[in-house]
Structures are given as structure tokens and as C-alpha cells.
Amino acid sequence: LDLNFAGFGAVAEGPLGEKSSYLASFRRSFLDLLVDAIGTETDVAPRYSDATVKLAWDLSERHRLVTLGVLGLDDIAATQEAAVENDRVVYGDQKTQEGAAGVDWRALWSDKLLSNTTLSYLTTGYEEDLWETSSDIKLIRKDSRESAFTLRNTNRLQLGPAASLRFGVEGKALVADYDQILSEYTGSLGQDVPELVMDEKVTTGRAALFATLVTNPIPRVTATLGLRSDYFGYTGDWSLSPRAALSLQATNRTSLNLSGGIFRQSLPLVLLAQQADNRDLPEPWAVHVVGGVEHFFSDDTRMTLEGYWKDYRDFPVDPAEPGLFVVDELVYRYGFFFNHEQLVSDGRARARGVEFLLQKKLAQGFYGLAAASYSKAEYEAGDGIWRDRVYDNRWMASLEGGYKPSNKWEFSLRWIYAGGPPYTPLDLEASAAEGRDVLDGSRINEARYPDYHSLNLRFDRRFHFQGSNLVWYVSVWNVYNRKNVASYTWNGVKGEQDTIYQWGMLPIFGLEWEF
């Protein structure tokens with residue numbers, strides 16, 4: 001049982017007879033209850049909860065069955081008065097429901113053949129009614145649901161002492177029911193965007209075949225060759241994606257790794273369904289090459305150093321918004337895709353970087369992880385100009401770890417640093433005229449937010465009783481109260497540019513009871 005400043009929850013697990021077991025959990029926030037009890041009409045608090053149930057049966061020594069169900073609910077509502085008080089660009093109700101359920105059958109047919117067969121169902125529902133705070137114009141009405149039924153079978157066959165084959169098949173049925181209206185609005189660069197009405201049910205499917213051969217052609221060398229074939233019924237695209245990897249065990253503690261391949265991912269169905277012509281857009285694809293070294297300083301301390309190069313093709317761009325990258329719109333435009341009357345697949349992207357990781361498992365009371373990376377991510381939206389992507393933080397670093405002097409006390413920390421990502425400054429004159437965000441098309445992603453960094457601290461005190469334990473913990477997020485900038489936006493109520501900040505310092509107190 002867990003009770004803390006943000007909410008409460010419970011986890012239970014145990015046997016169900018001699019050959020089966022269960023695990024169940026439930027969590028619920030109560031920030032909304034606190035706001036209702038002691039807050040004001042201008043306070044905004046989300047309500048979220050989740051539940052998980054897992055059952056496992058050992059049918060025999062060679063067969064095992066596992067079922068899993070997960071449900072998550074999120075709900076936030078804000079009045080216009082609350083939105084004005086909290087500098088929110090939009091207000092209204094947003095509800096999201098996400099659920100997954102499935103069953104997995106693991107079968108050991110022989111000492112050389114193992115298979116997993118999974119049948120699953122995944123669904124996500126959105127209910128949104130949002131108005132623009134400054135004008136009280138209704139921006140979006142959405143009551144949509146996306147679901148997927150998947151049947152997947154994977155197998156591992158040991159061909160001999162130096163080779164194994166992994167192969168499988170996957171089929172997926174996709175059902176999407178879109179009932180939404182995106183009102184006439186101002187585009188990112190100030191252009192008029194007409195209303196989009198979607199009242200469509202999409203039923204389609206995906207299928208895939210894949211196989212991977214793993215061999216040890218010579219001592220200390222492991223070679224992997226893979227091939228994947230995909231078909232997407234909605235667009236009619238069929239593709240082949242080869243992959244390969246090579247690993248050299250240079251010493252007992254050091255290995256060198258190199259891998260590469262072609263990877264594909266379909267565009268979001270909600271974007272494809274906006275216009276009939278979008279079905280003709282090809283799937284974006286990428287070439288990845290990754291190389292690195294892994295070294296164990298000891299049994300509990302590991303270091304990895306990797307470099308990567310990635311090249312992406314066939315991304316969608318909107319001719320009405322030259323220079324902007326449509327797939328990044330979720331970041332710079334309120335978290336959803338706006339209406340795009342025409343999309344063409346002229347976009348490209350590339351990324352390269354290096355990543356370092358040092359990890360120490362719990363030993364002699366200490367544990368920790370240190371990571372650092374440098375990367376550069378760019379795109380070209382069909383106009384011949386390469387620009388930084390909104391994810392291009394360049395430098396990132398994290399340090400987390402802890403100390404357990406005894407079985408009663410534990411101290412831990414987590415520090416994160418990220419370079420400021422790019423953003424497009426507002427055209428202040430055009431934003432003032434429109435009363436909402438209008439980006440400066442001559443300076444796309446040329447500015448950068450301030451660097452982000454934050455320190456979290458936590459300590460736990462355990463009390464041991466006969467048959468139970470009580471854990472009291474205190475955690476402080478953003479200990480030094482760094483004012484990290486989330487975004488800059490035009491405040492139509494104040495008639496000026498506004499700065500939206502992320503969470504400041506936040507203390508969390510809690511109790512856990514284990515029995």
C-alpha cells in the first residue's frame with residue numbers, strides 16, 4: 001500500500017494454487033480532490049489512474065500461459081478563468097483512455113525449438129473539447145478511438161552449437177473511428193487553414209514476416225543477418241528491410257559491435273486519414289549504422305561507448321508551410337496535428353551522435369549510472385535548406401545513483417542536463433494582429449531555449465516488523481528550483497509574448513506498507 005502527496009495505490013501478488021500466480025495493482029491521483037476541497041476556481045489539477053492484472057499458469061514443464069491487462073485513464077478540465085490565471089492558450093476538457101489486454105503462450109517444443117505466440121488488443125480513446133482562451137473560439141471537438149488486434153508468433157531454432165535461427169510472423173487488424181472537427185484557424189506561418197471535418201471509420205491491416213540468423217563463424221565473433229517484410233493495407237505499401245550486425249569479443253571483458261540496416265515506420269493513421277491523397281504517400285524509411293565498444297571493469301561495473309549515423313527519407317511536408325517539418329508539429333503546435341490540405345513526401349532528415357554510459361550495480365552499498373551524449377539532428381523540408389530539428393538538444397547528461405548504508409536507510413539522487421532545443425521565434429507583429437501564435441518563417445528553428453537541468457533527491461527509512469515493513473520516504477523534485485522554460489507563446493489575453501515554465505521545486509512525502 002502506498003500513500004503520498006500525489007496519490008495512493010496498492011500492489012498485490014501471490015500464488016493461485018501450485019502452478020499459477022497473480023499480480024494486481026491500482027493507482028489513483030488525488031490532486032483533483034485536494035483542489036476541490038481547498039482550491040479555487042482558477043486551480044487546474046489532472047485526474048489520472050491506472051490498473052494492471054497479470055495471471056500466469058505453468059500448464060506443464062514445457063508450456064506456460066500468461067495473460068495481462070492494463071488500463072489507464074487521464075482527465076483534465078480547465079475553465080476559461082483558470083486558463084487565464086495559469087497562462088494557458090486553450091481551455092476545456094481532455095479525456096484519454098488507454099487499454100491493453102493479451103495472452104502469451106510460451107512453448108518449449110524440444111531442446112532446440114522455443115516459440116512464443118501472442119494475441120493482444122490495444123485501444124486508445126480521445127475525448128476533447130477545446131476553446132482558445134483569448135477569443136473563446138472553439139478549436140477542436142474530438143471523440144475518436146484507435147484500436148489494434150495483433151496475432152504474433154516468434155520462434156527460436158537452435159541449428160547447432162554455432163548457429164540459431166529466429167523467425168516469425170505478425171498480423172494486425174487496425175480499426176479507427178475518427179469523429180472530430182478542427183476549426184478554421186491560423187496556420188503556423190500565419191496562413192488561413194480551413195475547417196477540417198473527419199467523420200470516418202478506417203478498417204485496415206498490417207502483416208509482417210521476419211527472420212534472423214545468428215552464427216559464430218569463427219571463435220569470438222558473432223554475426224547476425226536479418227530480413228523483415230512488411231505490408232500495410234491502407235496505403236498498399238510492401239517493403240523489405242535487411243539488417244546485419246557483427247560482434248567481436250576482443251577480450252573476456254571487452255566487445256566491439258557494429259550494426260546497420262533499413263528501418264521503416266508508417267505515418268500516423270490520423271494524419272493519413274485527413275485527405276484521400278495521403279494514401280499515396282510512401283512510408284518514411286531510414287538507414288541506421290551503429291558502432292561501439294562495451295567493457296566490464298568488474299562484474300558489477302559496465303561501460304559502453306557508441307556512435308551512430310542515421311539518414312531518413314520520404315517524410316511528409318506541407319507546401320503551405322515551407323521550411324516546417326510536419327512530424328514535429330506535435331511539439332511546436334499544442335500536441336496534435338492540424339489540418340493539412342496537401343502533403344508531399346519531399347522531406348529528409350539525418351542524425352548522428354555519440355553516447356557514453358557507465359553503470360554500477362548495487363554492491364557494497366553503492367549503485368549508480370552516469371550517461372552523456374552529443375548528437376546533431378537536422379531536417380530538410382523540400383526547400384533545400386537543412387535546419388535543426390526540435391529534438392536537437394546537442395548535449396545531454398544524467399547522473400543517478402544511491403547509497404544504502406544498511407537495510408534501514410537509503411539515499412538517492414538524480415541530476416539531468418539537456419542543451420536547449422531549437423524553436424522558431426514568434427513574429428510579434430503578426431501574432432499581435434492575429435491574437436495567437438504566428439511563427440517567424442524567416443527564422444525557423446534558429447533560436448534555442450535555455451539549457452535544462454534539474455536535481456531530484458530522495459531518502460527512504462525502512463521499519464521492519466514481524467510479517468511487515470513500513471517505508472517512509474521524502475523526495476524533492478527540482479531541489480534548487482530551476483525555472484526551466486517549456487515554451488514561449490503569444491498570450492492573447494495580455495496581448496504580449498508569454499513564457500511558460502516547467503515544474504518548480506516540488507516536495508513529495510509518502511508511506512509504503514508491505515505485508
Side-chain angles (χ1 to χ4, degrees), residues 187-189 228 230 232 235 237 239-244 258-272 274-275 277-292 306-338 340 342-355 373-396 418-425 439-449 452 487:
S188 300
L189 301 180
R228 180 182 176 93
D230 287 274
F232 186 23
T235 61
D237 283 337
S239 62
L240 285 174
S241 304
R243 294 94 186 263
L258 179 66
S259 63
I262 295 177
F263 297 84
R264 304 175 189 273
Q265 184 171 350
S266 299
L267 292 170
L269 196 56
V270 66
L271 190 61
L272 290 173
Q274 281 191 0
Q275 309 291 341
D277 291 342
N278 289 353
R279 287 193 178 205
D280 298 327
L281 294 172
E283 283 190 334
W285 60 282
V287 177
H288 292 192
V289 178
V290 182
E306 285 189 337
Y308 60 87
W309 174 88
K310 303 177 182 181
D311 184 69
Y312 304 84
R313 302 294 180 95
D314 292 340
F315 272 93
V317 295
D318 186 342
E321 296 182 342
L324 294 178
F325 210 43
V326 171
V327 295
D328 291 348
E329 186 175 50
L330 297 176
V331 176
Y332 65 81
R333 290 286 279 177
Y334 312 142
F336 58 86
F337 290 111
F338 278 76
H340 296 278
Q342 181 187 10
L343 293 175
V344 294
S345 55
D346 293 340
R348 297 179 56 193
R350 61 193 181 197
R352 59 268 197 200
V354 60
E355 297 181 350
S373 66
Y374 174 81
S375 62
K376 185 174 177 60
E378 301 172 295
Y379 73 91
E380 189 266 305
D383 57 1
I385 301 175
W386 285 92
R387 299 177 174 89
D388 296 331
R389 291 193 65 180
V390 293
Y391 304 99
D392 185 44
N393 295 90
R394 299 292 173 91
W395 290 99
M396 300 185 72
Y423 74 95
T424 303
L439 304 182
D440 186 346
S442 66
R443 301 174 61 197
I444 295 176
N445 284 1
E446 291 186 0
R448 285 185 175 267
Y449 289 109
Y452 172 97
S487 65

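One is the number of the first residue; the rest follow in order along the sequence.
Cation-pi check for Lys310 over Tyr308 is met; the charged atom lies under 6.0 angstrom from the ring centroid and within 45 degrees of its normal. Remark: Arg243 qualifies as a cation-pi partner of Phe263 under the 6.0 Å distance and 45° angle criteria applied to the six-membered ring.
Ring orientation note: the planes of His288 and Tyr312 are nearly perpendicular, at an angle over 60° on the 30°/60° scale.
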Please test Asp230 against Leu240 for side-chain contact (heavy atoms from CB on, under 4.5 Å), starting from the C-alpha separation and ending with a verdict. CA-CA 7 Å; Asp230 287 274; Leu240 285 174; over 6 Å; no
In sequence, state the C-alpha distance, the side-chain angles, and the governing distance for Tyr423 and Val390, and then conclude on side-chain contact (heavy atoms from CB on, under 4.5 Å). CA-CA 6 Å; Tyr423 74 95; Val390 293; over 6 Å; no
Determine, step by step, whether Tyr391 and Val331 satisfy the side-chain contact (heavy atoms from CB on, under 4.5 Å) criterion, reporting the C-alpha distance in whole Å, the side-chain angles of both residues, the deciding distance to 0.1 Å, and the verdict. CA-CA 9 Å; Tyr391 304 99; Val331 176; 3.4 Å; yes
From CA spacing to verdict: side chain to side chain donor-acceptor pair (under 3.5 Å), Ser345, Asp314: CA-CA 5 Å; Ser345 55; Asp314 292 340; 4.7 Å; no
Trp395 vs Ser373, side-chain contact (heavy atoms from CB on, under 4.5 Å): CA-CA, chis, key distance, verdict: CA-CA 6 Å; Trp395 290 99; Ser373 66; over 6 Å; no
For side chain to side chain donor-acceptor pair (under 3.5 Å), just list the numbers for Ser241 and Arg264, CA-CA rounded to whole Å, side-chain angles, deciding distance to a tenth of an Å, and then say yes or no. CA-CA 8 Å; Ser241 304; Arg264 304 175 189 273; 3.2 Å; yes
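In this structure, Thr424 contributes its side chain and Leu439 its backbone to no donor-acceptor pair below 3.5 Å. A donor-acceptor pair under 3.5 Å links the side-chain atoms of Asn393 to the main chain of Gly419, judged by distance alone. The main-chain N or O of Gly323 is never found under 3.5 Å from a side-chain atom of Glu380 such that the two would form a donor-acceptor pair. A distance-only check finds a donor-acceptor pair linking the side chain of Gln274 to the backbone of His340 [under 3.5 Å]. Judged purely by atom type and a 3.5 angstrom limit, Arg448 uses its side chain to pair as donor or acceptor with the backbone of Gly420.
Tyr452 places none of its side-chain heavy atoms less than 4.5 Å from the side chain of Pro421. Annotation: side chain of Val344 is in contact with side chain of Pro319 (closest heavy-atom distance under 4.5 Å). Taking 4.5 Å as the limit, some side-chain heavy atom of Leu189 sits within range of a side-chain heavy atom of Pro322. Contact of the Leu343 side chain with the Asp277 side chain is not registered, since no non-hydrogen atoms from C-beta on lie closer than 4.5 Å. Counting only heavy atoms from C-beta outward, the side chains of Val287 and Trp309 approach each other to under 4.5 Å. In this structure the side chain of Leu281 reaches within 4.5 angstrom of the side chain of Leu267, judged on heavy atoms.
Atom OG in Ser188 sits 4.0 Å away from atom CD in Glu321 (nearest 0.5 Å). Going from atom OH of Tyr379 over to atom CG of Asp388 covers 8.5 Å, rounded to the nearest 0.5 Å. Interatomic distance, CD of Glu446 versus CD1 of Ile444, reported as 8.5 Å (0.5 Å rounding). One finds the OG atom of Ser266 at 7.5 Å from the CG atom of Leu272 (value rounded to the nearest 0.5 Å). Expressed to the nearest 0.5 Å, how far CG of Leu324 lies from OH of Tyr332 amounts to 4.0 Å. Rounded to the nearest 0.5 angstrom, Leu330 CG and Phe337 CZ are separated by 4.0 Å.
A salt bridge links Asp328 with Arg389: the distance from a Lys NZ or Arg NE/NH1/NH2 to an Asp or Glu carboxylate oxygen falls below 4.0 Å.
For Gln275, the side chain to side chain contact (heavy atoms under 4.5 Å, CB included) partners are Leu196, Asn278, Asn339, not counting sequence neighbours. For Arg350, the side chain to side chain contact (heavy atoms under 4.5 Å, CB included) test picks out Asp311, Arg352, Glu378, Trp386, with sequence neighbours left out.
Contact detail for Ala349 and Phe325: the closest heavy-atom pair is CB-CZ, 4.2 Å. Between Arg394 and Asp392, the closest heavy-atom pair is NE-OD2, 2.6 Å.
Of the N and O atoms on the side chains of Arg279 and Thr235, not one donor lies less than 3.5 Å from an acceptor on the other residue.
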